[in-house]
Amino acid sequence: MRNVYMDNNATTQVAPEVIEAIRPFLCKLWGNPSSMHTFGGQVKKHIDHARQQVASLIGADPSEIIFTSCGTESDNMAVRGAVEAHGSYPHIVTSRVEHPAVLTVCRHLQNHGCSLTELPVDFQGRIDLDQLKDSINSDTAIVSIMWANNETGVIFPIDEIAKIVKNAGCIMHTDAVQIVGKMPIDVKKTPIDMLSLSGHKIHAPKGIGAIYIRKGTRVNPLLIGGHQEKGKRAGTENVPYIVGFGQACELAADQMEKEITHVSALRDRLEAGILKACPEVAVNGDRQHRLPNTVNIGFKDIEGESILLMLDDFGIAAASGSACTSGSLEPSHVLRAMGVPFTSVHGSIRFSLSRYNTDQDVDCVLEHIPPIVQRLLEMSPL
Ligand code: PLP
């Protein structure tokens, strides 16, 4: 049976080049980078190199990159760190379609005395920029809006958003976990103060992330203890994975143009094929401003989980709902916020591709999806 992995927004295959880059740091170069001796010194220069590789992917200065354990930690640090540095329970602005790594922290801080605005989105998954402008007040410490949505792939106009936020004198954070490495980003051109990244979305292992913090941004650390990462993130560095993350960023930068063409062609053929072959389907989210690798399709009157299980029988992996909560039957908060009809929210499936997908993978999905949908519609009580 063919294995067709189209759940790359949940996690990605570790690139062979990344595995090779990591290997020496598990076998020979195991020193602690904070140590004064050669074991430590040897390793430290590789962390510096990885920091440069990560920085270069987003146009940052290496001194503005702090390594963390994952995207969730970076998101937590940005929001909590800015709120704590501001002091006295300030106001936070975010959107209703953020990943739980942002949304849950914002709601937690609200429960502890901060005020919170969650901006709504329209049917395409877009926020209203006038509403954003109106939501910011003199007490707003941070605005956190994702760059690209993990479920729909919808890309937010972060350049315009950041300009509004900076004009209002607030800190601008963006969860860029899904867009980094997939589309060009340059923090020199976009006035964001903080940006979250995650390794396992771009062919590095799980358990490594980073946060970009623009020089001069007031943000308190989340983890305190040792002086690692210039006192901004305590804890002995995960050297092998930092090196792997650096390598993954360099690969992503080198292959980006080719990869965008490759995955968008596959995605478009997959999308067109499903729309043609299946009755009562619709693409969720703004198709014009979307990650090249993602398509989210609503199948009316059938359960997304049933489609997933039947696809799985043919070796095909996709997702329903949020990547990190798949397995839960809670309907997607993103699709509900967009006003997707209830009958389609439950039947929405996300296919997310990577550089490793092929034309044969798309053929395989297009061969199996229509009969699965047909069978489920026949079984549907609706
Ligand atoms: N933000 C977004 C948009 C995500 O898609 C994810 C993971 O799916 C995260 C944050 C969390 O990243 P991590 O799994 O590295 O904690």
Side-chain angles (χ1 to χ4, degrees), residues 5-14 18 54 58 65-80 94-108 118 121 125 127 144-156 158 161 173-183 185 192 194-212 222-223 233 235 238 241-242 244-245 248-249 252 284-285 289-291 293-296 317-328 330 332-335 337-338 350-354:
Y5 186 75
M6 290 199 184
D7 196 12
N8 288 279
N9 288 9
T11 198
T12 56
Q13 173 189 338
V14 180
V18 170
V54 175
I58 60 166
I65 300 295
I66 303 296
F67 288 112
T68 64
S69 66
C70 57
T72 301
E73 184 189 327
S74 303
D75 285 341
N76 270 254
M77 178 176 173
V79 179
R80 280 177 175 242
T94 189
S95 84
R96 285 195 192 146
V97 295
E98 297 300 312
H99 188 274
V102 166
L103 212 42
T104 314
V105 184
C106 292
R107 289 177 183 166
H108 172 85
E118 291 181 20
V121 294
I127 61 166
S144 179
I145 306 282
M146 67 197 331
W147 204 320
N149 186 270
N150 43 303
E151 293 190 39
T152 58
V154 169
I155 297 175
F156 288 84
I158 286 297
I161 291 173
H173 166 249
T174 185
D175 174 343
V177 161
Q178 289 293 348
I179 198 166
V180 164
K182 293 177 188 161
M183 300 285 282
I185 283 185
I192 38 194
M194 291 190 277
L195 176 150
S196 302
L197 309 89
S198 173
H200 73 108
K201 310 293 184 181
I202 59 162
H203 306 289
K206 288 161 258 309
I208 183 69
I211 181 167
Y212 156 78
L222 193 63
L223 295 191
R233 201 272 183 183
N238 182 351
Y241 283 15
I242 287 175
F245 190 20
C249 287
N284 294 317
H289 303 101
R290 195 169 45 152
L291 292 174
N293 77 322
T294 308
V295 57
N296 188 309
S320 71
S322 155
C324 300
T325 53
S326 55
S328 120
E330 272 290 297
S332 150
H333 73 286
V334 173
L335 300 183
M338 288 162 59
R350 178 192 66 192
F351 297 94
S352 49
L353 287 73
S354 82

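For ligands, and for the atoms within them, numbers begin at 1 and follow the listed sequence. We're numbering straight along the sequence, starting at 1.
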Identify the two heavy atoms, one from His173 and one from Ala78, that lie closest to each other, and give their separation to 0.1 Å. CD2-CB, 3.3 Å

Check each heavy atom of Lys201 against ligand 1 and say whether those closer than 4.0 Å belong to the side chain, the backbone, both or neither. side chain

Considering Gly71, Ser74, Ala10, Ser69, which one's heavy-atom position lies nearest to atom 12 (O) of ligand 1? Gly71

Output yes when a side-chain donor or acceptor of Lys201 lies under 3.5 Å from a complementary backbone atom of Asn9, and no otherwise. yes

Note: ligand 1 atoms sitting under 4.0 Å from heavy atoms of Ser198 are 13 (P), 15 (O)

With heavy atoms under 4.0 Å as the rule, classify the contact between Asp75 and ligand 1 as side chain, backbone, both or neither. side chain

Going by the order shown, which atoms of ligand 1 are within less than 4.0 Å of some heavy atom of Gln178? 3 (C), 4 (C), 5 (O)

Would you say Ser74 and Thr68 are linked by a side-chain donor-acceptor pair, where the criterion is simply a distance under 3.5 Å? yes

With a 4.0 Å heavy-atom cut-off (strictly under), which part of His200 contacts ligand 1: side chain, backbone, both or neither? side chain

For Arg290, salt bridge (Lys or Arg N to Asp or Glu O under 4.0 Å) partners two or more places apart: Glu271

Search all heavy atoms of Ala210 against all heavy atoms of Ile65 and return the closest pair with its distance. CB-CG2, 4.1 Å

Any idea which heavy atoms bring Val154 and Gly285 closest together, and the distance? CG2-CA, 3.8 Å

Give the contacting part of Thr72 toward ligand 1: side chain, backbone, both or neither, where contact means a heavy-atom distance below 4.0 Å. both

